[in-house]
There are 2 protein chains.
Amino acid sequence: MTAGASGRDGGRRTRLLVVDDEPTILELLSASLRFVGFEVRTAESGTAALAVAEEFQPDLLVLDVMLPDLDGFAVTRRLRAGGAHVPVVFLTARDATEDKITGLTIGGDDYVTKPFSLEEVVARIRAVLRRTNADLAEPGEDRDDGVLRFADLELDEDTHDVRRAGRLVRLSPTEYKLLHYLLLNADKVLSKAQILDHVWRYDFAGDARIVESYISLLRRKIDTVDPPLIHTLRGFGYSLRLPRA
Amino acid sequence: MTAGASGRDGGRRTRLLVVDDEPTILELLSASLRFVGFEVRTAESGTAALAVAEEFQPDLLVLDVMLPDLDGFAVTRRLRAGGAHVPVVFLTARDATEDKITGLTIGGDDYVTKPFSLEEVVARIRAVLRRTNADLAEPGEDRDDGVLRFADLELDEDTHDVRRAGRLVRLSPTEYKLLHYLLLNADKVLSKAQILDHVWRYDFAGDARIVESYISLLRRKIDTVDPPLIHTLRGFGYSLRLPRA
DNA sequence: AACGAAGCTGAAAGCCGGCTGAAAATCACA
DNA sequence: TGTGATTTTCAGCCGGCTTTCAGCTTCGTT
């Protein structure tokens, strides 16, 4: 993880409260959010969420809209009644008669539909934090401008522009998410399974070999100039890095 | 958020007092007004509004006419008794009798009917502030003239004139609001849900696919000349921008 | 040098997101 | 109330995207 890329804000770690009634989802999310550097607390119901929030004072909520007791909206409203504006990333079912997806993007909030990919959730959380912090922050030097860079490669999270050696490249959604994941983990070795688990939605049934296909597509689009940045570590996985001496 | 587009006036942020007795509406409004850069305080009754106004000294009020205790008019009257003319944007039910609505727009005030779209409310607030500030401001350089421009596209917030390449275009209300929202967020990627949440009234029950239809209508009217400005980012949303390199 | 394992890539099928025209429903206004 | 404009839904189409797979190449090992 790039310094300050996720979960850190100066000295103190960013606090997330994750709320979902399915233990599987809760486990999946909290584990990977902790792994990318956030301080995570969880709750399995709306009322529990309110109680935990009171004491934990999270910087952001990841909140299932469909909860057994209070739904996500009610939780949000109660939490903000005190004036403080806690940003929220909502989780919502894609197929379930999607009548409720209104008003989820108000005030800097955002939402992700289930089944999501971890890549997606982390990206949304980071985007929301960036937006809400940008309002408060001084226009100083090292403010997070939402552009990920590695060597002569850059990816703008706001405009979705991707450039290699200054040249703009058009990527499909999956190609974009894959590259995003590689950039966030530059220099690290990522196994195909790992990539699959983060970039593809958690209900994907297919083979991990699809990652090979996408690496191939991505190489053609961004890695045909010197030096090559996407490297295969046979038997282990892939890594975005400068060629070793 | 465009620099200085909303909520900022030189160094100090513009202060809004939002008054409504429905917590949902209050939350909806304050969240999105904060997000576009205003400093927001809220109240749930007429008397509470007077108390907060006393101490907060808002630059403008967003005021529901129908309140449990003092109605919007009474609040306005008392507030202006001291001589200071605080501008007001009233919120009123659509079915309100005609005579109630009359007189709301005198003295630089304006009104919006419920259920409104956020786009609408923000536009009215900005318009009222622009008018009242225009009276006071020096005829300096960067005074807000209420015209949004992007490339050879322009939209006049006062006259509602829209021109592409100098050519005047007639837009329906929704087409106008959609374009307005795109212009305020030029270059940013906006999801269909985001557009729906901001351009359509908050009680809209339908599908986000209606946005596709309106993008199509808008393209036919303003985007049939080179270069195309409305771009689709498959899987992500739309963006008003110049074609990349 | 030969072998097997791992990875690469082009082709192809099917899917899905987005575009558009048409029709229905609703609204604005005379 | 009638008329035209506007809003909303919807189905069919198109094209790009995803996914699979087979054949080939590369690599590591013996």
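Every chain is numbered from 1, with letters handed out A, B, ... down the list of sequences.
Look at B:Lys192 and you'll find a side-chain N or O under 4.0 angstrom from OP1 or OP2 of C:dG18. Phosphate contact (OP1/OP2 of D:dT6, side-chain N/O of B:Thr174, threshold under 4.0 Å): absent.
Donor-acceptor pairing under 3.5 Å is recorded for the side chains of B:Asp197 and A:Thr105. Remark: the A:Arg209 side chain and the A:Ser213 side chain contain no N/O donor-acceptor pair separated by less than 3.5 Å.
Below the 3.5 angstrom threshold, one finds a donor paired with an acceptor across the side chain of B:Arg234 and the base of C:dG17. Taking only distance into account, the side chain of B:Arg220 never meets the base of C:dT20 through a donor-acceptor pair shorter than 3.5 Å.
As judged by a 4.0 angstrom heavy-atom cut-off over every strand, B:Arg209 is placed among residues making no nucleic acid contact. Nucleic acid contact class of B:Arg170 (heavy atoms, under 4.0 Å, all strands): sugar-phosphate only.
Checking D:dT20, C:dG7, D:dT18 against every side-chain atom of A:Tyr238, the shortest atom distance belongs to C:dG7. The side chain of A:Thr232 sits closest to C:dC8 out of C:dC8, D:dT20, D:dC17. For B:Phe204, the side-chain atoms get nearest to D:dT9 when compared with the rest of C:dG21, D:dT9, C:dG7. For B:Pro173, the listed nucleotide lying nearest its side chain is D:dT7; candidates were D:dT7, D:dA5, D:dT20. Distance from the side chain of A:Ser216 is smallest for C:dT9 among the nucleotides D:dT8, D:dT20, C:dT9. Side-chain atoms of A:Glu212 lie closest to C:dC8 of the nucleotides C:dC19, D:dT8, C:dC8.
With salt bridges taken as basic N to acidic carboxylate O contacts below 4.0 Å, one links B:Arg244 and B:Asp187.
Between A:Gly237 and B:Arg219, the one whose closest nucleotide on DNA chain C sits nearer the 5' end is A:Gly237.
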*Give the intermediate values and the outcome of ring-ring contact (aromatic ring centres under 6.0 Å, His included) for residues A:Trp200 and A:Tyr214.*
CA-CA 11 Å; A:Trp200 271 259; A:Tyr214 267 90; 5.6 Å; yes
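One interatomic measurement links the two molecules: CZ of A:Arg201 to C1' of C:dC15, which rounds to 12 Å at whole-angstrom precision. In this structure, B:His231 places its NE2 atom 16 Å from P of C:dG18, rounding to the nearest Å. Rounded to a whole Å, the CG atom of B:Asp223 is 11 Å from the P atom of C:dT20. Put simply, CZ on A:Phe236 is 15 Å from C1' on C:dG7, counting in whole angstrom units. Per the geometry, CD1 belonging to A:Ile210 stands 14 Å off C1' belonging to C:dA13, to the nearest Å. One atom, OH of A:Tyr214, and another, C1' of C:dG7, lie 18 Å apart when rounded to the nearest Å. The distance from atom CD1 of B:Ile230 to atom C1' of C:dC19 is 13 Å, rounded to the nearest whole Å. Rounded to a whole Å, the CG atom of A:Leu233 is 13 Å from the P atom of D:dC27.
The closest side-chain heavy-atom distance from B:Tyr238 to B:His231 is not below 4.5 Å.
Minimum interatomic distance between A:Val112 and A:Glu120 (heavy atoms only, all atoms of both residues): CG1-CG, 4.0 Å.
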